Amino acid sequence: MTTAALIGGIGSGKSTISSMFAQLGAGIISLDTIGHYVLTMPEVKFDLARTFGAGIFDEKGEVVRPRLAQAAFDTPEHTEWLNGITHPAIMKECRRRIKELSQIHPVVLAEVTSGEISHKTLPWADVIVAVSAPEDMRIARAVERGEQTEADVKARIALQLTDEEREAVADYVIHNDGSLESTQAQVQEVWQALTR
Ligand code: ATP
């Protein structure tokens, strides 16, 4: 069983490529989804309430993410507090889902959208697969989805690692800068290497 982390910037094609891997038989998890899920866990909510106060919750006791972001991203110290609470929970849930999916899939692929990325920060990943595409192409793709303006996408890109930084830590690089067929062929090659 192999666990791979799939990394790439906004609009690079991570979801598209995850689907291709899923069709070949990979189990898929998303660290973003797990990051949202842990905020619903009672023990995480308890620690968040103790650290950031009751103001980050709605009337039903659920975390309001923009309020949490406001409380946690105002200083580096507060961000560290947040990470200290959520990271262990994310790591535990990530390992739990990998274990579960590995019972039936030869490869588990985890989509990773944000955060610091290396083999050290992704200790459960046997390999790192980076998706690269030119910035103008990524902006056009992300804007075309209709949820974000060009300015939103550019602001997001400015906060993310560059393709070069991702490629430097990757074991495999998929260049998603041409047709879907060309991407599919690269996915097939990586799949063969991972299942060899
Ligand atoms: P985000 O991080 O913003 O969620 P993502 O990395 O998951 O993005 P996708 O959602 O897979 O990226 O791709 C962005 C858009 O570009 C989608 O609409 C997708 O259909 C399209 N796209 C991806 N790859 C290609 C390609 N090779 N050719 C044409 N369109 C593509």
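Just so you know, ligand 1 is whichever comes first in the structure, and atom 1 is the first atom listed for that ligand. Nothing here was measured: the structure is a model prediction, and the numbers come from that model.
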Asker: Could you check atom 4 (O) of ligand 1 against the protein and tell me its nearest heavy-atom contact, residue, atom and distance included?
Answerer: R145 NH1, 3.6 Å

Asker: Quick one: nearest non-hydrogen protein atom to atom 15 (C) of ligand 1, plus distance?
Answerer: R141 CB, 3.8 Å

Asker: Using heavy-atom distances, let me know which of T183, N176, I10, T113 sits nearest atom 27 (N) of ligand 1.
Answerer: N176

Asker: For ligand 1, is G9 a contact, meaning one of its heavy atoms is under 4.0 Å away?
Answerer: yes

Asker: Tell me, please, which residues at least two apart from E135 pass salt bridge (Lys or Arg N to Asp or Glu O under 4.0 Å).
Answerer: none

Asker: List the closest protein heavy-atom neighbour of atom 2 (O) of ligand 1: residue, atom name, distance to the nearest 0.1 Å.
Answerer: K14 NZ, 2.7 Å

Asker: Starting from atom 23 (C) of ligand 1, what is the nearest protein heavy atom, named by residue and atom, and what distance separates them?
Answerer: T16 OG1, 3.5 Å

Asker: I'd like a table of donor-acceptor pairs (distance under 3.5 Å, sequence neighbours excluded) in which one partner is a side-chain atom from residues 163-170, with atom names and distances.
Answerer:
residue, atom, partner, partner atom, Å
D163, OD1, R166, NH2, 2.9
D163, OD2, A133, N, 3.0
E165, OE1, T162, N, 2.8
E165, OE1, T162, OG1, 3.3
R166, NH1, L161, O, 3.2
R166, NH2, L161, O, 3.3
E167, OE2, S132, OG, 2.6

Asker: Strictly under 4.0 Å, does any heavy atom of G11 approach an atom of ligand 1?
Answerer: yes

Asker: Using distance alone, determine whether I17 and ligand 1 share an N or O pair under 3.5 Å.
Answerer: no

Asker: T2 vs D126, test: side chain to side chain donor-acceptor pair (under 3.5 Å). Steps then yes/no.
Answerer: CA-CA 6 Å; T2 304; D126 303 314; 4.9 Å; no

Asker: If the contact criterion is a heavy-atom separation under 4.0 Å, does G178 count as touching ligand 1?
Answerer: yes

